[in-house]
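Note: hydrogens, waters and symmetry copies are ignored here, and every other heavy atom, side chains too, is used. Counting convention: from 1, in listed order, for ligands and their atoms alike.
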Amino acid sequence: MTLTSNPMAEPYKIKMVEPVKITTREFREKAAKEAGHNTFLLRSEDVYIDLLTDSGTNAMSESQWAGMMLGDEAYAGSKNYYFLEKVMHDCFGYKHLVPTHQGRGAENLVSNALIKPGQYVPGNMYFTTTRAHQELAGGNFVDVIIDDAHDPYNTNPFKGDVDLKKYEDLIKRVGAEQIAYITIGVTVNLAGGQPVSMANLKAVYELSQKHKIPVILDATRAIENAYFIKVREKGYENKSVREILREMCSYSDGATCSGKKDFHTNIGGFAACNDDAMAEHMRSMCVVYEGLQTYGGMTGRDMEAMARGILEASEDHVMAHRVAQAEYLGNKLIAAGIPIVLPIGGHGVFIDARAFYSHIPQEQYPAQKLANDIYVHSGVRTMERGNVSAGRCKETGKEFFPKLETVRVTIPRRVYTQSHFDVVADAIIDLYKQRDKAKGLKMVFEPKYLRFFQARFEML
Ligand code: F0G
């Protein structure tokens, strides 16, 4: 179902432009080598179309820019904080707001507030920074997502759902008191931007309440998830994205949120919850790690832009356009026979690198290599989401070798047009035709935490 006759047509017009650099293949080969074949280490100015991430790379609206001029840069009690608090309350419904510099700041606060060392933290597939904070707080992450999520070609419309049996088995095995909380990513980034259904959120919440286990949403792309519920789940087609969002959050006790995605901003985040004691704990941690509890690392103008962005992004037609862009790119790739994760995700298209480079074994990082090759071939920057991102097991030190070894072609909000996506698709299709020539990579530098950001590689 679409909400306008052509949701792909931009629901905005362009007022300011940013020129991009067009480079030669020779230039890019040198740049890729200097970056250790890690697209995170490239200089942004050497990139033609930047689809590394949708995080903080969004174009703000005139209303957001105007709001930036209304920043109340008081140390304490900025009026922009109170506006953000009201918008968060109206759209997400939580009682307490604790602002943070970005999503991982919120993850730190929640992990510290809820995890006792040795406890378990189930979740619907891991997210890199979320799991890192849970482990740093002494927790053990356990994946309880449905098996469908690990199969790139399974077309379940709600591949982000929690497997209730896996969750219940964990409760039986370790005891409810040994479970700090359950995190539910809405949508699930590493599964390919896959949403969670309302029915599943409700069932998880009921089971958790029975065992007194708090439910924490990773609400980073919750507005996208709400849109997917609207168009995919029976009974929600006539509800607004905002109504659906409120209902989703009602099946949780709190949330962490990166403000750099759905909210059309470049920085920011928050933690939210309903429990007074948890809020108090997070506020005291906020003062230590983020900033005063009424700014948490953001300026007044950041908070204003974020509040306005939440209101904009939760309009139905805005998400319809966003999802249509991902579908346009994804469908072009599918038509050319490129293996991508299905269904097409909300924030981007995920190429199945194990199928794309089927001759490169996973220990030679096929997704890392493919992201490198896409850049060298076309100047388009994408991101590895596979073995490098998954890292190593805390106990054994062994690599995880996740079933999903993907390259994420991520779509920043309101930044690129249809012709950019045509260029991207053509480049990937071109590369697919010459895939047999590609060789794998060897990791030559591995940082201790979140290795994918800074690891360096050499060609085999
Ligand atoms: N949760 C999810 C699902 C995310 O995608 C991210 C960030 C975070 C939490 C952490 O938020 O970056 O504001 O600290 N994802 C970025 C990405 C990095 O490219 O997907 P943050």
Side-chain angles (χ1 to χ4, degrees), residues 38-40 42 44 50-58 98-111 121 123-136 141 143 145 149 159-160 183-196 216-225 228 248 252 254-272 289-290 296-298 302 305-306 309 326 341 345-350 367 371 381-386 388-391 404 406-413 415 449-454:
N38 183 348
T39 52
F40 277 104
L42 288 168
S44 146
D50 201 350
L51 305 184
L52 181 76
T53 176
D54 63 329
S55 182
T57 52
N58 308 300
V98 184
T100 59
H101 74 287
Q102 57 182 78
R104 65 201 74 183
E107 289 160 0
N108 181 32
L109 302 188
V110 168
S111 302
V121 191
N124 55 346
M125 202 172 265
Y126 80 103
F127 183 72
T128 52
T129 57
T130 320
R131 191 182 65 192
H133 278 295
Q134 290 165 350
E135 288 177 352
L136 285 168
F141 171 80
D143 186 8
I145 202 167
K159 252 169 132 171
T183 331
I184 307 185
V186 285
T187 58
V188 184
N189 190 348
L190 292 182
Q194 306 295 334
V196 180
I216 302 295
L217 294 190
D218 179 343
T220 293
R221 295 182 186 82
I223 305 181
E224 252 173 50
N225 198 108
F228 280 124
M248 282 166 56
S252 72
T256 57
C257 193
S258 166
K260 303 171 67 175
K261 280 82 168 174
D262 273 359
F263 307 158
H264 297 161
T265 38
N266 306 118
I267 195 70
F270 64 74
Y289 287 106
E290 302 287 322
M298 287 184 281
D302 294 332
M306 194 197 290
V341 175
H347 64 302
V349 173
F350 290 63
R381 172 155 71 169
T382 58
M383 180 197 292
E384 190 265 7
R385 291 273 84 150
V388 184
S389 292
L404 291 180
T406 66
V407 168
R408 189 181 69 177
V409 188
T410 337
I411 304 185
R413 294 159 190 82
V415 175
Y449 297 115
L450 300 171
R451 63 182 189 170
F452 56 95
F453 283 130
Q454 297 167 66

Does the N or O separation between Ser258 and ligand 1 drop below 3.5 Å for any pair? yes
So is there a nitrogen or oxygen of Thr130 less than 3.5 Å from a nitrogen or oxygen in ligand 1? no
At their closest point, which heavy atom of Lys261 faces which heavy atom of Asp54, and how far apart are they? CG-OD2, 3.7 Å
If we set the cut-off at 4.0 Å for heavy atoms, which region of Arg408 has an atom near ligand 1: side chain, backbone, both, or neither? side chain
So does Thr130 get a backbone contact from the side chain of Glu107, meaning a donor-acceptor N/O pair under 3.5 Å? yes
In terms of atom number and element, which parts of ligand 1 are under 4.0 angstrom from non-hydrogen atoms of Met383? 19 (O)
Is the closest N or O pair between Asn189 and ligand 1 shorter than 3.5 Å? yes
Taking the side chain from Asn38 and the backbone from Phe452, do they hold a donor-acceptor pair closer than 3.5 Å? yes
Is the closest N or O pair between Arg104 and ligand 1 shorter than 3.5 Å? yes
Does atom OH of Tyr289 have more than 12 heavy-atom neighbours from other groups under 6.0 Å away? no
State whether the shortest distance between N or O atoms of Asp54 and N or O atoms of ligand 1 falls below 3.5 angstrom. no
Protein heavy-atom partner closest to atom 21 (P) of ligand 1 - residue, atom, separation in Å: Gln102 NE2, 3.3 Å
Just how far is it from atom CG of Leu109 to atom CD of Glu290, taken to the nearest 0.5 Å? 5.5 Å
For atom 1 (N) of ligand 1, what is the closest protein heavy atom, and at what distance to 0.1 Å? Asp218 OD2, 2.5 Å
Could you give the distance from CE (Met298) to CZ (Phe270), rounded to the nearest 0.5 Å? 9.0 Å
His347: heavy atom below 4.0 Å from ligand 1, yes or no? no
Considering distance alone, does some N or O of Gly268 sit under 3.5 Å from an N or O of ligand 1? no
To the nearest 0.1 Å, how far is atom 9 (C) of ligand 1 from its closest protein heavy atom, and which atom is that? Glu107 OE2, 3.0 Å
How many angstroms lie between atom CD1 of Ile267 and atom OG1 of Thr100, to the nearest 0.5 angstrom? 9.0 Å
Thr53 heavy atoms, cut-off 4.0 Å: which ligand 1 atoms fall inside? 17 (C), 19 (O)
Any heavy atom of Lys260 under 4.0 Å from ligand 1? The part involved is side chain
Nearest protein heavy atom with distance in Å, relative to atom 10 (C) of ligand 1: Thr129 OG1, 3.4 Å
Would you compute the distance between atom CG of Asp50 and atom OG1 of Thr39 and round it to the nearest 0.5 angstrom? 9.0 Å
Would you check, one step at a time, whether the test side-chain contact (heavy atoms from CB on, under 4.5 Å) holds for Thr53 with Lys260? CA-CA 10 Å; Thr53 176; Lys260 303 171 67 175; over 6 Å; no
Is the closest side-chain heavy-atom distance between Val341 and Arg408 below 4.5 Å? no
Report the nearest protein non-hydrogen atom to atom 15 (N) of ligand 1: residue, atom name, distance rounded to 0.1 Å. Lys261 NZ, 3.0 Å
Note the single closest protein heavy atom to atom 8 (C) of ligand 1, along with its residue, its atom name and the distance in Å. Phe127 CE2, 3.4 Å
In Å and rounded to the nearest 0.5 Å, what is the CZ to CZ distance from Arg104 to Phe127? 7.5 Å
Under a 4.0 angstrom heavy-atom cut-off, which atoms of ligand 1 come close to Gly103? 11 (O), 13 (O), 14 (O), 21 (P)
